[in-house]
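Data first, discussion second: the structure below is written as structure tokens.
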2 protein chains.
Amino acid sequence: MTTRWLSPEEQRAWRAYIAASALLEDTLDRRLQQEAGLPHLYYSVLAMLSEAPDRRLRMTDLAEVLKITRSRLTYAVARLEKDGAVRREDCEWDKRGSVAVLTDEGMALLERTAPGHVETVRRAVFDHLDPGQVEQLERICTGITKALQGDGTETVTPDDLPWRRRSCPSS
Amino acid sequence: MTTRWLSPEEQRAWRAYIAASALLEDTLDRRLQQEAGLPHLYYSVLAMLSEAPDRRLRMTDLAEVLKITRSRLTYAVARLEKDGAVRREDCEWDKRGSVAVLTDEGMALLERTAPGHVETVRRAVFDHLDPGQVEQLERICTGITKALQGDGTETVTPDDLPWRRRSCPSS
DNA sequence: GGCATCTGGTTCAAGTTTTAAACAATAACT
DNA sequence: AGTTATTGTTTAAAACTTGAACCAGATGCC
């Protein structure tokens with residue numbers, strides 16, 4: 001098949017996206033590095049845990065929501081554990097499993113740094129979007145996610161949280 | 001000031017964005033690594049050069065459009081040069097400067113791999129957006145970029161290309 | 001001109017991530 | 001029981017990024 005090139009409009013949109021995402025990730029990383037001593041991804045780990053029931057999540061679930069490899073997550077959690085923000089426990093009903101738990105210290109770190117982070121996100125993104133655009137953004141991004149892993153696997157979003165794996169086996 | 005937290009809608013949009021961008025960058029990186037042996041950023045360097053007049057750009061200009069540090073770019077270009085895809089020349093009218101030039105080999109690499117890359121982008125992003133959404137995406141992203149570097153510096157987009165620095169000094 | 005300052009770009013040292021592949025333990029299926 | 005699939009970690013290597021320091025050349029100012 002001959003290539004379906006991008007139209008000029010798509011081209012512009014794509015480049016705008018590339019620039020914005022590079023800049024955004026960079027900004028968040030730098031900011032969080034200063035405020036919390038953590039890169040953005042690591043902060044996200046804490047954030048996810050903080051909202052999970054009981055502040056605990058299976059490694060695989062965590063990796064799935066964050067869309068990163070388990071290997072990468074292992075490294076991240078190892079560091080967060082060294083920092084005292086996270087603790088690992090064994091999963092009781094699946095002896096292979098391990099569970100990441102947000103410690104009080106981790107929660108404190110999060111509470112201390114969240115306002116600054118949110119403020120950054122707000123200024124960078126939401127302060128100049130109207131409600132319609134917010135909705136569009138969600139739609140567009142959800143679509144991308146679905147397209148990229150719609151092949152077989154089902155998309156897992158943070159809202160699915162009270163977890164598949166977390167709950168004890170049904171019988 | 002008390003923190004202006006994200007509304008539920010904003011929260012959802014933000015998370016959708018985090019997931020999508022992580023997944024997207026990951027996919028593009030992997031794909032390009034296979035097809036071209038290059039990470040996405042490096043591919044973008046070649047792409048930008050390919051469209052610049054004469055296929056050449058000042059390092060700083062390149063860094064600015066790609067929103068990366070000069071240091072990072074130096075490293076990238078060094079590798080691309082080793083691969084033979086880019087060559088560096090001295091800037092004639094500013095003896096401090098250096099200019100990255102896309103070689104024929106680099107151009108060939110780009111032409112060989114562009115169709116696959118574009119196809120990936122299309123399937124991941126544009127195949128499920130209508131024209132209105134494409135426009136919204138550009139608007140939103142442009143807004144983010146402006147917000148993040150609106151502080152003093154002016155935003156440089158690829159369309160500004162026939163460059164400030166490229167043209168010879170005016171007098 | 002001469003001095004201070006700024007820019008463009010690279011280099012250095014260091015560390016951080018990242019990855020892929022291999023592995024051990026356990027679960028699940030047949 | 002035996003095979004296959006998952007979970008999570010480890011390992012070894014490489015790739016990348018960063019920030020600071022630095023040089024050479026440009027610019028501005030007196």
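By convention in this document, chain letters (A, B, ...) are assigned in the order of the sequence lines, proteins followed by strands, and residues within each chain are numbered from 1.
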Separation of [N] [atom2] from [X] [atom1] (nearest whole Å):
X: Glu81(B); N: dT10(C); atom1: CD; atom2: P; result: 9 Å
X: Glu25(A); N: dT17(C); atom1: CD; atom2: P; result: 12 Å
X: Ile68(B); N: dG8(C); atom1: CD1; atom2: P; result: 15 Å
X: Leu80(B); N: dA15(D); atom1: CG; atom2: P; result: 13 Å
X: Arg58(A); N: dT6(D); atom1: CZ; atom2: C1'; result: 9 Å
X: Leu57(A); N: dT7(D); atom1: CG; atom2: C1'; result: 15 Å
X: Leu38(A); N: dG15(C); atom1: CG; atom2: P; result: 18 Å
X: Arg79(A); N: dT18(C); atom1: CZ; atom2: C1'; result: 15 Å

Partners passing side-chain contact (heavy atoms from CB on, under 4.5 Å) against [X] (at least two apart in sequence or in another chain):
X: Ala47(B); answer: Tyr43(B)
X: Arg96(A); answer: Asp94(A)
X: His40(B); answer: Trp14(A), Ile18(A), Glu25(B), Leu28(B), Asp29(B), Leu32(B), Ser44(B), His117(B)

Please table the atom pairs, donor to acceptor, closer than 3.5 Å between any side-chain atom in residues 98-106 of chain A and protein atoms at least two apart or in another chain.
unit_1: Thr103(A); atom_1: OG1; unit_2: Gly84(A); atom_2: O; d: 2.7
unit_1: Thr103(A); atom_1: OG1; unit_2: Ala85(A); atom_2: O; d: 3.1
unit_1: Thr103(A); atom_1: OG1; unit_2: Glu105(A); atom_2: N; d: 3.4
unit_1: Thr103(A); atom_1: OG1; unit_2: Gly106(A); atom_2: N; d: 2.9

* Run the salt-bridge test on Arg15(A) and Glu51(B) with the 4.0 Å N-O cut-off and return the result as yes or no. =>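 So Arg15(A) pairs with Glu51(B) through a salt bridge.
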
Can you name the side chain to side chain donor-acceptor pair (under 3.5 Å) partners of [X], sequence neighbours left out?
X: Glu89(B); value: Arg56(B), Arg87(B)
X: Arg139(B); value: Glu135(B)
X: Gln136(B); value: Gln133(A)

* Along nucleotides 19-30 of chain C, 5' to 3', which nucleotides get a B, which get an S, and which get a -, given that the test is a protein heavy-atom distance under 4.0 Å? -> BB----BBS---

* To do: Please round to 10 degrees the angle between the axis of the first five pairs and the axis of the last five pairs in the helix from dG1(C)-dC30(D) to dT30(C)-dA1(D).
  => 40°

* Asked: Where each residue is assigned the nucleotide of DNA chain D containing its nearest heavy atom, which of Tyr42(B) and Thr74(A) is assigned the position nearer the 5′ end?
  -> Thr74(A)

* May I ask you to verify if any side-chain N or O of Arg88(A) is less than 4.0 angstrom from the OP1 or OP2 atom of dG8(D)? => no

* Report the nucleotide, chosen from dT17(D), dT18(C), dG8(C), that has the shortest atom-to-atom distance to any side-chain atom of Leu41(A). => dT18(C)

* Nucleotide nearest Ser98(B) when distance is taken to its side chain, options dC16(D), dG9(C), dG8(D) ->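 Closest nucleotide to the Ser98(B) side chain: dG9(C).
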
* Can you tell me if Arg4(A) uses its side chain to pair, donor with acceptor, with the backbone of Glu119(B) under 3.5 Å? -> no

